[in-house]
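Presented below is the structure to which this report refers.
By convention in this document, chain letters (A, B, ...) are assigned in the order of the sequence lines, proteins followed by strands, and residues within each chain are numbered from 1. It should be emphasised that the depicted structure is a prediction, and the values quoted were computed from it without experimental measurement.
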Amino acid sequence: MAEPYNHLEVEEKWRRNWEENPINVNDGKKPKYYCLDMFPYPSGAGLHVGHWRGYVISDVWSRYQLMHGRYVIHPMGWDAFGLPAENYAIKTGQHPSISTANNVSNIKRQVKQIGAIYDWDMELNTTDPKFYKWTQWIFVQMFKHGLAYEKKMPLNWCPSCKAVLANEEVVDGKCERCGAEVTKKDLRQWMLKITAYADRLLDGLNDLEWPEKVKKMQTEWIGRSYGAEVQFPVENSDKKITVYTTRPDTLYGATFMVLSPEHDMVKELTTAEQKDAVEKYCAEAANKSNVDRVQNKDKTGVWTGSYAIDPLSKERVQIWISDYVLADYGTGAIMCVPAHDERDWEFARKFDLPIIPVISPDGSDMKDMTEPYVAAVGTMINSGDWSGRKSEELKKEAPEIIEKMGFGKKTVNYKLRDWVFSRQRYWGEPIPIIHCPKCGAVPVPEDQLPVMLPRVESYQPTDTGESPLAAIDSWVNTTCPCCGGPAKRETNTMPQWAGSSWYFLRYIDVNNDKELVSREKADKYLPVDMYIGGVEHAVLHLLYSRFYTKFLHDIGVIDFDEPFHKLFNQGMILGPKGIKMSKSLGNVVSPDDMIRDYGCDSLRMYELFIGPPQQDAAWDDRGIDGVNRFLRKFWNMCNDQYEGNYPETADTLRIRHGLINDISQRLGNFSLNTVVSGFMEYTNKMVAAGNMDRETLRTAAQLISPFAPHIGEELWQRMGGKDSVFHTEWPEADKEALKEESKEIAVQVNGKLKAKITIPVDLGKDEVIAMAKKELGDKLTGNIIKEIYVPGKIVNIVAK
RNA sequence: GCAGGAAUGGCGGAAUCGGCAGACGCGACAGACUCAAAAUCUGUUAUCGGCAACGAUGUGAGGGUUCAAGUCCCUUUUCCUGCACCA
């Protein structure tokens with residue numbers, strides 16, 4: 001009997017050994033495989049077992065790639081700019097760089113316990129000036145290419161974070177980070193023109209091996225729609241109102257128009273009699289919070305007193321104002337076809353506006369409508385010379401017809417808005433721009449990057465939308481790089497997402513101070529083959545990264561324009577009762593205790609065993625006992641049976657190749673929970689059968705090593721393995737060895753299981769049926785109608 | 001409201017192509033070891049009936065296709081996720 005498994009000893013031994021002799025080295029010949037984790041924010045709370053899951057999955061996958069002869073790029077870094085560090089600084093007065101450094105060292109210690117093959121020579125930190133120099137450099141390039149611009153507009157403002165938010169950061173009218181209700185604030189801000197890439201961001205999704213869910217979310221977020229812009233002349237004026245519609249086929253049914261309260265023609269269209277009412281309405285709309293405006297769907301509105309002329313029907317239509325029309329989508333004005341749009345219908349009913357049906361699905365005159373008919377299917381009616389045509393055809397042709405008639409054009413619209421890129425906070429990358437009274441906004445010259453984040457006295461954010469940096473005169477006041485005159489620095493900083501939008505490009509060339517990344521290295525090691533992380537970044541980080549990558553491709557930094565070929569979203573680990581782990585609920589499970597009591601390998605395997613990797617799972621302390629028991633059983637089996645030095649037989653070969661086959665297949669399908677149960681199944685089999693030959697035991701150790709690397713390596717070397725198990729080639733199953741001579745199959749009568757028979761696998765149908773009948777004996781009654789034999793699987797006899 | 005996903009024992013879950021439902025683990029129960037307990041090991045464990053052999057039922061609900069359905073089709077309920085006045 002071998003000594004019992006001592007996880008502390010074995011894990012310590014190999015942790016040290018691998019540190020001295022790294023197992024993943026680049027010899028310049030092996031093909032690369034880039035397996036990336038979403039890098040963590042180094043919070044003060046440290047990692048809990050939920051954070052572990054993604055890292056374990058990526059490490060299993062990396063080691064598996066390693067055993068396929070690849071050089072695996074598997075780096076780790078820190079996304080360290082952000083509010084918690086700054087809030088901590090406000091509370092304690094300690095500089096964020098200090099608390100961040102402390103958190104990084106604690107989390108790094110925890111990450112190292114995972115036993116992953118991270119290459120720490122590639123480690124990076126977004127708050128390191130050597131890194132954010134390039135974050136700023138990208139901004140400068142965007143500015144030079146007209147993709148970064150300043151704009152004053154009403155923006156999402158989080159009163160609790162005291163900063164503006166991007167559209168992507170507003171969830172249900174609330175701040176994505178803190179949950180505070182978002183208000184509007186009129187501010188001058190830096191924007192990134194992500195909309196210029198809308199089509200490419202959308203079309204690029206097709207070639208990606210990403211979860212369909214994420215692709216769909218991005219598709220909807222970008223929200224491309226095809227339609228037409230149509231100009232409505234204002235009555236008694238030479239002015240025109242341009243509207244956007246996806247349903248130009250219903251133009252004859254337009255009975256009124258609505259402008260958003262922010263539309264810039266509101267003032268000139270308002271008549272003297274309606275002035276007071278309109279002004280009152282617009283003021284109210286401006287004061288409404290996002291939540292009110294979005295969630296209260298009761299229609300409100302006011303008439304301007306003016307009319308426009310439908311360019312096609314020449315009918316007079318009233319021009320109204322309502323906040324259900326969004327200022328920043330389309331043209332901020334719509335034509336309303338109440339008969340064929342739910343919102344317009346509601347509005348028309350409320351304000352008693354005319355409703356003219358123009359599509360009839362069944363040939364009727366649609367006079368008795370009780371609800372709008374929204375489908376573009378049916379025959380046009382009440383539509384001049386369009387009457388009688390098919391709506392579905394006209395919907396496609398109308399934009400061109402309108403274009404030819406000279407009052408509109410074919411248009412594409414997107415829900416995607418430009419990215420509000422500046423934040424009024426301290427702990428972020430300074431935006432490298434200098435405001436000169438003569439030259440305007442001037443980028444900081446590239447040789448002066450990075451613009452270092454200065455030390456401040458007070459980190460406290462302000463309510464005015466000014467960054468704490470604005471208070472440091474010595475830093476703010478500078479000279480214009482253009483004219484040399486006095487100028488002021490931009491005091492806003494970049495959002496949390498700036499560094500994470502491109503960090504994956506930097507790992508492979510972290511020390512390069514001449515370029516963001518060398519083109520030679522980029523061509524060789526990029527892009528990312530497999531990206532693993534939570535689904536919460538589906539439209540934030542993942543969309544921004546794709547945008548950055550496309551831009552960097554366009555300016556020649558890299559030659560690919562999609563950063564992540566494959567994406568895998570692991571599910572969350574929830575607290576014991578299925579509630580999200582959080583410090584305030586006190587249900588956080590720390591990996592540290594688990595490692596001490598059970599070892600890293602047990603925790604790794606339990607994180608996999610807990611459930612399908614893409615699905616959320618509730619933590620159960622008892623579950624890890626089972627995995628730990630299994631590992632000890634596996635250890636004892638290998639040690640004991642290896643001692644016996646038993647000969648190889650057809651039976652042991654069948655087990656060996658069955659194991660290879662099942663594990664490889666399940667791992668290939670990313671069914672990692674069943675990989676673990678597969679090991680348990682086969683271990684049970686091997687213990688029951690006894691007398692496993694040495695090669696089979698070695699193979700088992702080899703196969704388990706990506707999952708439980710320490711015990712795998714220890715057993716491998718104990719059982720005669722010379723080099724590290726991770727330098728061995730992943731074995732292939734011999735299908736011949738898997739073949740069995742006889743097999744037990746089920747015998748059904750009328751689809752119900754009645755017996756089981758063991759047959760030689762190559763026995764013919766007639767013989768098998770005969771055997772089945774014999775086995776059934778007098779259980780088989782009635783006349784046989786049909787006999788079915790699915791080779792190697794089942795016999796079903798239909799009798800009446 | 002729209003779009004996706006899910007529903008299987010006491011629990012987590014398994015079941016390639018439509019072919020033996022419940023693998024594997026947890027828990028529970030019984031036994032061995034022990035003065036005793038823990039740990040460990042062995043066995044049992046979907047439900048109902050039966051001492052048993054065995055029989056019947058069974059994958060949210062209802063219907064259908066099929067020799068055969070957790071799996072395919074139709075209807076429906078509940079839950080989760082995302083989007084939500086985008087014209």
Side-chain angles (χ1 to χ4, degrees), chain A residues 4 171-173 211-221 223-225 227 243-248 250 254 257-258 260 293-299 322-326 328-337 340-344 346-347 374 413-417 535-536 538-539 578 605-606 609-612 614-627 629-630 632-633 662 665-666 669 671 673-684 744-756 779 785-799:
Chain A
V171 179
D172 286 339
E212 286 306 315
K213 183 186 172 183
V214 175
K215 290 203 217 179
K216 196 154 187 136
M217 281 168 73
Q218 292 209 358
T219 303
E220 281 173 11
W221 190 261
R224 181 162 63 193
S225 74
V243 302
Y244 171 70
T245 178
T246 55
R247 293 297 302 278
T250 62
M257 302 182 77
V258 178
S260 78
R293 224 170 135 158
V294 168
Q295 283 179 356
N296 186 359
K297 290 188 179 173
D298 277 345
K299 296 284 176 289
S322 173
D323 64 3
Y324 84 89
V325 175
L326 305 174
D328 56 356
Y329 180 76
T331 61
I334 59 170
M335 67 173 207
C336 297
V337 185
H340 304 290
D341 182 279
E342 274 175 38
R343 296 148 303 183
D344 298 348
E346 232 182 277
F347 196 84
V374 296
N413 245 305
Y414 305 89
K415 290 188 194 174
L416 184 70
R417 311 291 149 89
V535 75
E536 65 273 14
V539 285
M605 287 201 98
Y606 179 54
F609 189 56
I610 194 164
Q614 66 281 8
Q615 201 173 293
D616 292 353
W619 183 264
D620 180 357
D621 269 338
R622 290 176 302 204
I624 195 171
D625 278 315
V627 174
R629 253 172 242 158
F630 154 72
R632 294 205 304 262
K633 192 173 182 179
D662 287 3
Q665 212 162 70
R666 293 172 191 193
N669 294 336
S671 178
N673 54 326
T674 63
V675 166
V676 179
S677 60
F679 278 116
M680 291 172 170
E681 248 171 271
Y682 274 91
T683 302
N684 292 344
E744 191 184 56
I745 63 163
V747 178
Q748 296 181 333
V749 176
N750 295 332
K752 292 198 174 163
L753 182 69
K754 291 292 173 187
K756 286 183 181 182
K779 281 184 198 165
I785 295 167
K786 205 167 178 182
E787 291 163 342
I788 291 145
Y789 172 53
V790 182
K793 282 194 173 151
I794 203 160
V795 171
N796 190 12
I797 295 171
V798 189

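Across all strands shown, A:E346 has no heavy atoms under 4.0 Å from either base or sugar-phosphate atoms. Among the protein residues, A:E744 comes within range of the nucleic acid bases, having at least one heavy atom under 4.0 Å from a base atom. When heavy atoms are screened at a 4.0 angstrom cut-off, A:S225 is found touching the sugar-phosphate backbone but no base atom. A:K213 comes within 4.0 angstrom of sugar-phosphate atoms only, judged by non-hydrogen atoms across all strands, and of no base. Across all strands, A:I797 comes closer than 4.0 Å to no nucleic acid atom at all (heavy-atom distances). Looking at heavy-atom distances under 4.0 Å, A:V790 makes contact with a base. A:N673 comes within contact range of the sugar-phosphate backbone alone, with a heavy-atom separation under 4.0 Å but no base atom that close. Residue A:V325 is in base contact, counting any heavy-atom pair closer than 4.0 Å across all strands shown. Counting non-hydrogen atoms under 4.0 angstrom, A:K752 reaches the backbone sugars and phosphates but no base. Counting non-hydrogen atoms under 4.0 angstrom, A:D625 reaches nothing in the nucleic acid. Across all strands shown, A:R632 has heavy atoms under 4.0 Å from sugar-phosphate atoms exclusively, and none from any base.
In this structure, B:A23 makes no Watson-Crick or G-U wobble pair, since no nucleotide meets both defining distances under 3.5 angstrom. Remark: B:G4 base-pairs with B:C80. Criterion, Watson-Crick or G-U wobble with two distances under 3.5 Å. Nucleotide B:G9 forms no Watson-Crick or G-U wobble pair with any nucleotide shown, as no partner meets the under 3.5 Å limit on both distances. Figure legend. B:A32 is base-paired to B:U40; pairs are counted as Watson-Crick or G-U wobble with both atom distances under 3.5 Å.
Considering only side-chain atoms of A:Y244, the nucleotide from B:G13, B:A87, B:C24 that sits closest is B:A87. Of the candidate nucleotides B:G25, B:U16, B:C26, B:C26 has the atom nearest to the side chain of A:D620.
Residue A:Q615 has no polar side-chain atom (N or O) positioned under 4.0 Å from OP1 or OP2 of B:G12. A:N796 has no side-chain polar atom (N or O) that falls below the 4.0 Å cut-off from OP1 or OP2 of B:G19. Phosphate contact (OP1/OP2 of B:G19, side-chain N/O of A:K793, threshold under 4.0 Å): absent. For the OP1/OP2 pair of B:A87 and a distance below 4.0 Å, the side-chain nitrogens and oxygens of A:Y329 include at least one atom meeting the criterion.
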